[in-house]
Number of protein chains: 2
Amino acid sequence: MPPRQHRPTLKDLATRLGISETAASFALNGRPGVSEQTRERVLALAEELNWAPNHAARTLSGITSMTVGFVLTRDVQEFGMESFYLRLLTGAQFVLSSRGYALLFQMTHSVDEELAVLRRWSKERRVEGVIISDLRRADPRPAFLKELGLPAVLAGGPDPKRLLPAVTVDDGVAMRLLVEHLQQTGCRRLAYVSGPAELLHVHRRIGAFRKAASGVLADPGVVHTDYSEEQGLAATRRLIEADDRPDALVFDNEVLAVAGVRALRAAGLLAEISVASCEDSAICVALQPSLTAVRRDPTVFGEAVARKLLRLVDSPDGPAARPDIEAQQPTIVVRESTPQR
Amino acid sequence: MPPRQHRPTLKDLATRLGISETAASFALNGRPGVSEQTRERVLALAEELNWAPNHAARTLSGITSMTVGFVLTRDVQEFGMESFYLRLLTGAQFVLSSRGYALLFQMTHSVDEELAVLRRWSKERRVEGVIISDLRRADPRPAFLKELGLPAVLAGGPDPKRLLPAVTVDDGVAMRLLVEHLQQTGCRRLAYVSGPAELLHVHRRIGAFRKAASGVLADPGVVHTDYSEEQGLAATRRLIEADDRPDALVFDNEVLAVAGVRALRAAGLLAEISVASCEDSAICVALQPSLTAVRRDPTVFGEAVARKLLRLVDSPDGPAARPDIEAQQPTIVVRESTPQR
DNA sequence: TTCCTAAACTAAAGCGCATTAGTTCACCTC
DNA sequence: GAGGTGAACTAATGCGCTTTAGTTTAGGAA
């Protein structure tokens, strides 16, 4: 491996052209104060020498670091099953890079670790803002970020205390669509297999689900899981072994839904119980039977999050700080798993 | 949002303690030249003021930026279907952060864009090294990176010209296992539904597959796709409509395999033709029938890649530069899709 | 006492850029 | 021809840290 090249500096450019660094800097940054002729000479030489401003130097001089961060606290094990985060990341990523921003990405094992990462990034002045997700009960992150004064957007809000701006999903609509569809296909006793109770969006979805069902159907049973396959299986078994067995199961994401389908098949009840997933993905299509699912494009969601964060970074007290954005109206994709009964 | 706090600087620490910046710096960096007593006072105050070194300043003074990059060129559309990359990223991520390294992540639409990103990162001195993947025919990246003198590791090599160190997968073993298993279950005419021909690993796998089959079975037919579901469907249809219809189909990844299963089911041939995937994932388990697959944990793979890159960054000419590493021996997981015939 | 040495500490320069506060100089006005 | 003006350019400083090359001081040896 050859030694890392000596990269030309602004001084090199200036010296070779016989001008001051200032002039070169002005030329390169499109500021007035240099003649057109000089500007062109500088730009030409910069091109020739393959010059680019040293990122650290630029940042140190008070220019923005053009970097935002994304920390994700997940259990390593389950990770990679859900496609949600990769797609979120993809969407955010493309918006950011189209605006010249880089993305610093880190996963952690716990919220405490995540706090440490956020603190470090802020202290080191490494990022202009951050994306966070998966708000929990009594989550310390919003207050912490507010205290740090670090611009942040919550992917999948809202923040109950309104400390952080968020890009939200309208769970009300999603759940109404789902419940309506199940009702119309003849289901009467719903049950919901959900995620960990400490996640706020889990809470919200359950609330929305109950509300959508209320008045029309019996109050649905709700079971919590840690989003793992095992607990998905176990939860499903418990539900279908109960006395008043439900005739439709709604799963909080596709991983749980897949586990649920397995449990139903094993119990020979797949034909009798409808199944739906609150997250759509390739697996929902591939499965036999294919799964009815709520669809909201996580990529589009990620794009909205990134855009909001950039607006916030540009003007921390601007309008972006205030209202939460709703990324998109969720729709429902009806497939084989919820036949007319 | 409160204004971003004024972060204390080294100077602040030094002034408040009545010592020089140098002394403070020595104390904080564990260097000799300060008394134990002074060191402790500095550390205590740093803690109290919540001080951390400004990252840009540190980098500018020649310290490593403690950052590596990962650029990924993928078609946005297909992305998110395969879980491979997210898992790779996860593995790499955890190794990096455990060593204090941050990961700069960017996706691009084309190799040219990717080259531009790599060049920029190198010129700006933003990263100490990079991870690249998906080597293509006549891929310009290895030579380019070598010329830049930027440490790089190829995830999924080897690099045919040996310009870059790589973490490789033993496709020979994988394909031998697969072919052997198919043969033992009674299959005689294999076919392979593969990815784009310009990807080197696609090429290598096909070669390994052919070699594994040679002498034992008829030369397998090979069809290329762009990894999309549509082409997976089309390719499968073409294969099963041919005169000498294969009795086993091997798919290069799970997305193709899923499409293939759909095509087979539609043609009513699912019971007669065995199916296997060269990539394992949750979907292979969930599918009906569940899919026999080659397994190699992408997370472990990512860990190996990160470790190799860090060794390379630490000593660019050290032993890490030379031999390619084999991440792990692939195994085969036999499931329902390849029954005894 | 003098001289030497190591420990503890400091002054100052440098990293590569941006920016403020000038300085020159040609050109224009009255 | 004095005074004014704006364009083109430069010197010098700062960003926050690391590091080199000292300087000071206490303590020990001779």
Side-chain angles (χ1 to χ4, degrees), chain A residues 4-43 45-46 49-67 120-128, chain B residues 4-43 45-46 49-67 120-128:
Chain A
R4 187 104 182 241
Q5 292 168 26
H6 167 76
R7 301 246 149 256
T9 69
L10 196 56
K11 194 179 192 171
D12 294 334
L13 296 186
T15 313
R16 287 187 50 157
L17 291 174
I19 61 176
S20 69
E21 283 184 64
T22 312
S25 177
F26 283 173
L28 290 161
N29 292 317
R31 324 198 120 222
V34 280
S35 64
E36 254 331 292
Q37 189 198 350
T38 310
R39 186 183 305 276
E40 276 164 23
R41 286 175 59 216
V42 174
L43 291 175
L45 185 61
L49 296 186
N50 197 21
W51 177 91
N54 177 302
H55 182 253
R58 221 154 191 274
T59 307
L60 189 54
S61 316
I63 299 299
T64 159
S65 66
M66 295 299 275
T67 307
R120 193 157 47 73
W121 280 354
S122 173
K123 288 202 290 192
E124 295 178 342
R125 297 230 156 228
R126 260 201 107 152
V127 297
E128 304 300 310
Chain B
R4 187 108 182 239
Q5 292 168 22
H6 167 75
R7 301 244 148 259
T9 69
L10 195 57
K11 195 178 191 171
D12 294 334
L13 296 187
T15 313
R16 288 188 47 160
L17 290 175
I19 60 175
S20 69
E21 282 184 64
T22 312
S25 176
F26 283 172
L28 290 159
N29 291 317
R31 324 197 122 222
V34 280
S35 63
E36 255 329 293
Q37 190 198 351
T38 310
R39 186 185 305 277
E40 275 165 23
R41 287 174 59 215
V42 174
L43 291 175
L45 185 61
L49 296 186
N50 198 21
W51 177 90
N54 178 301
H55 182 253
R58 215 147 197 276
T59 307
L60 188 54
S61 332
I63 299 297
T64 160
S65 65
M66 295 299 275
T67 308
R120 194 158 45 73
W121 281 353
S122 174
K123 288 202 291 191
E124 295 178 342
R125 297 233 156 223
R126 257 200 110 153
V127 297
E128 304 300 310

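Below, chain A is the first sequence line, B the second, and so on; all start at residue 1. Everything quoted here is computed from the prediction, not taken from an experiment.
Atom-to-atom, CG of Leu60(A) to P of dG16(C) comes out at 12 Å; the value is rounded to the nearest Å. Spacing between atom CG of Leu17(B) and atom C1' of dA8(C) amounts to 15 Å, rounded to whole angstrom units. If you take CD of Gln37(B) and P of dA8(C), they are 11 Å apart, rounded to a whole angstrom. Spacing between atom NZ of Lys123(A) and atom C1' of dG16(D) amounts to 15 Å, rounded to whole angstrom units. The nearest whole Å value for the distance from the CD atom in Glu36(A) to the P atom in dC9(D) is 11 Å. Computed from coordinates, the Arg41(A) CZ to dA8(D) P distance equals 14 Å when rounded to whole Å. Following rounding to the nearest Å, Glu40(A) (CD) and dA8(D) (P) show an atom-to-atom distance of 13 Å.
The side-chain heavy atoms of Thr59(B) and Thr59(A), taken from C-beta on, include no pair separated by under 4.5 Å. A heavy-atom distance below 4.5 Å is found between the side chains of Leu13(A) and Leu28(A).
Backbone-only contact: Thr38(B) has heavy atoms under 4.0 Å from sugar-phosphate atoms and none from a base. Among the atoms of the strands shown, none is found under 4.0 Å from any heavy atom of Gly62(B).
For Thr59(A), no side-chain nitrogen or oxygen approaches OP1 or OP2 of dC15(D) to under 4.0 Å.
Around the CZ atom of Arg39(A), the shell of radius 6.0 Å holds more than 12 heavy atoms that belong to other residues, nucleotides or ligands.
Partners of Ser35(B) under the side chain to side chain donor-acceptor pair (under 3.5 Å) rule, at least two apart in sequence or in another chain, are Thr38(B).
Residue His55(B) holds its NE2 atom at 11.5 Å from CH2 of Trp121(A), rounded to the nearest 0.5 Å. Note that CG of Asp12(A) and CZ of Arg7(A) are 12.0 Å apart. Values are rounded to the nearest 0.5 Å.
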Within the 4.0 Å limit for protein heavy atoms, which parts of nucleotides 17-25 of chain C are touched? Write it as a string from 5' to 3', B for base, S for sugar-phosphate only, - for none. BSBB-----
